[in-house]
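These notes concern the structure reproduced below.
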Amino acid sequence: MLTEKKLLSKKENLLDYLSVRGAISQNSAVQDINLMQETIELEQKDFTSLCHHLSDAGWIKFLRLAGTWETSGKIGSIWLTPEGVEKTTEMRLYTRTRWLTKQASDEVRAQASDIIKVIEGWLPKQRYKQEEVYVATLAEHLEGKGIKAPEQQGTTLTDILAVHGIGIEVKVNPSRGEYDRLLGQIIRQLEEFGIVIALIIRPDRQDLLEEYKLRFAHDQRVTFITKG
């Protein structure tokens, strides 16, 4: 069920996503609505409810594909209204101010610096296909260095949660959609812990990597590490 608290958080995620991507459609070659639903982590029913809420408030407009909701009709396209664009700009300023206020302690920053050095010196034994294998082997490597770093479970948790709540996210050859998802994950972890490490393995699209690194270029709480 889409509670009021969840509605507010997902509203910010969706509007921020739309402000970056512009209008999107179900069959667009630029961006697919299904991928966007996955990025903001909502089932179709809750996603539809969210769109109705934002449409009633005048922030967005959307069109439905043929059929009704009861016959598996889906949202076909979404775009921001002029009012939505204005509100999103205000919201982004508020959101950035809010999550920028969370700061890690000196102890946590020192521990994060040590973890970053360990990850930078880590060489996987082989080239793996699955992201999960890299997560498991990195967690094992950190534990071997005396750093408590259990793997996490669930879609909203960081891949590895090291000591003092230092989030480590791992992405293998990420697409734009996966970078979008990483962006949301980093922001959520900054709100909670105040420090995040993003490990990007085999970033074939260097342009995408640089685009997303620039979003946190002036935030010392976020560290990007790349490995070929």
Side-chain angles (χ1 to χ4, degrees), residues 13 17 20-21 29-32 34-43 104 107-217 219-228:
N13 291 341
Y17 190 100
V20 174
R21 297 274 164 252
V30 177
Q31 191 66 49
D32 186 85
N34 290 339
L35 178 58
M36 190 256 291
Q37 286 181 217
E38 180 182 349
T39 299
I40 65 173
E41 299 172 345
L42 279 181
E43 298 294 331
E107 180 184 10
V108 174
R109 287 198 295 269
Q111 183 69 65
S113 178
D114 291 341
I115 291 174
I116 289 168
K117 291 177 182 177
V118 171
I119 296 176
E120 288 176 337
W122 173 59
L123 292 175
K125 295 180 180 179
Q126 63 184 78
R127 187 184 178 98
Y128 304 109
K129 292 183 178 180
Q130 290 91 5
E131 177 183 302
E132 293 79 7
V133 181
Y134 281 105
V135 171
T137 54
L138 175 57
E140 182 180 359
H141 179 74
L142 290 170
E143 294 276 0
K145 296 293 184 178
I147 300 170
K148 186 177 180 181
E151 295 177 57
Q152 299 292 288
Q153 301 296 322
T155 58
T156 62
L157 299 176
T158 182
D159 289 326
I160 298 172
L161 185 61
V163 292
H164 301 301
I166 298 170
I168 303 173
E169 286 293 341
V170 180
K171 300 295 178 188
V172 179
N173 187 17
S175 62
R176 180 175 290 279
E178 289 168 322
Y179 274 118
D180 285 341
R181 179 176 170 81
L182 175 63
L183 179 65
Q185 290 170 323
I186 289 174
I187 291 175
R188 283 195 300 275
Q189 290 168 38
L190 286 179
E191 290 174 348
E192 185 169 358
F193 305 121
I195 197 160
V196 181
I197 300 169
L199 172 60
I200 313 298
I201 299 173
R202 300 200 302 275
D204 293 349
R205 290 286 305 275
Q206 289 292 329
D207 57 332
L208 285 181
L209 173 62
E210 293 305 318
E211 176 185 336
Y212 283 83
K213 285 174 65 176
L214 280 174
R215 295 171 186 251
F216 298 98
D219 194 334
Q220 296 181 351
R221 301 169 306 157
V222 181
T223 300
F224 280 82
I225 301 174
T226 59
K227 290 188 178 292

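The structure displayed is predicted, hence computed values, not measured ones.
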Should W122 and K227 be marked as a side chain to side chain contact (heavy atoms under 4.5 Å, CB included) after you check the CA-CA gap, both sets of side-chain angles, and the distance that decides it? CA-CA 9 Å; W122 173 59; K227 290 188 178 292; 3.9 Å; yes
query = Given side chains that start at C-beta, do those of I166 and L161 come closer than 4.5 Å, heavy atoms only?
reply = no
Exercise. For the pair E178 (side chain) and S175 (backbone), establish whether a donor and an acceptor sit closer than 3.5 Å, ignoring hydrogens and angles.
Key: yes
Decide yes or no for F224 and P203: does some side-chain heavy atom of the first lie under 4.5 Å from some side-chain heavy atom of the second?
-> no
Scanning both residues in full, the closest heavy-atom pair of A139 with A149 reads CB-O, 3.5 Å
| request: Could you please spell out the steps behind the side chain to side chain contact (heavy atoms under 4.5 Å, CB included) verdict for H141 and V118? | output: CA-CA 9 Å; H141 179 74; V118 171; 3.7 Å; yes
- Message: A side-chain contact here means heavy atoms from C-beta on lying under 4.5 Å apart; do K148 and V163 qualify?
- Response: yes
**Request:** Check the pair R127 / Y134 against side-chain hydrogen bond (donor to acceptor under 3.5 Å, both in side chains), numbers first and verdict last.
**Result:** CA-CA 9 Å; R127 187 184 178 98; Y134 281 105; 5.9 Å; no
So does Q206 have more than 12 non-hydrogen atoms from other groups sitting under 6.0 Å from CD? yes
*asked:* What I want to find out is whether E211 reaches R176 closely enough, with some N-O distance under 4.0 Å, to be called a salt bridge.
replied: yes
Checklist entry - Is there a donor-acceptor pair closer than 3.5 Å between any side-chain N or O of S113 and the backbone N or O of R109? => result no
In terms of heavy-atom contacts, I201 and G228 come closest through CG2-O, 4.5 Å
_Heavy-atom side-chain proximity of L182 to I200 below 4.5 angstrom_ = yes
Output for pair (I115 CD1, T223 OG1), nearest 0.5 Å, gives 10.5 Å
inquiry  = Would you say CD of E120 has more than 12 non-hydrogen atoms from neighbouring residues, nucleotides or ligands within 6.0 angstrom?
reply    = yes
Looking only at heavy atoms, the pair that brings T158 and E169 closest together is CA-OE2, 2.9 Å
Query raised in the report: Under the 3.5 angstrom rule, does the side chain of D159 hit a backbone N or O of V135 as a donor-acceptor pair?
Result: no
**OP:** Would you please test F216 and I186 for side chain to side chain contact (heavy atoms under 4.5 Å, CB included) and show each step?
**Re:** CA-CA 10 Å; F216 298 98; I186 289 174; 3.6 Å; yes
Could you walk me through whether I160 and L138 pass side chain to side chain contact (heavy atoms under 4.5 Å, CB included), step by step?
CA-CA 9 Å; I160 298 172; L138 175 57; 3.9 Å; yes
For the residue pair L199 and K171, establish whether any side-chain heavy-atom pair is separated by less than 4.5 Å. no
Minimal heavy-atom distance between A162 and I168, with the atoms involved, is CB-CD1, 4.3 Å
Neighbour count above 12 (heavy atom, 6.0 Å) for E143 CD: yes
When rounded to the nearest 0.5 Å, the distance separating CG of D114 from CG of L142 is 11.5 Å
**Asked** Just wondering, do L214 and Y212 contact through their side chains at under 4.5 Å, heavy atoms?
**Response** no
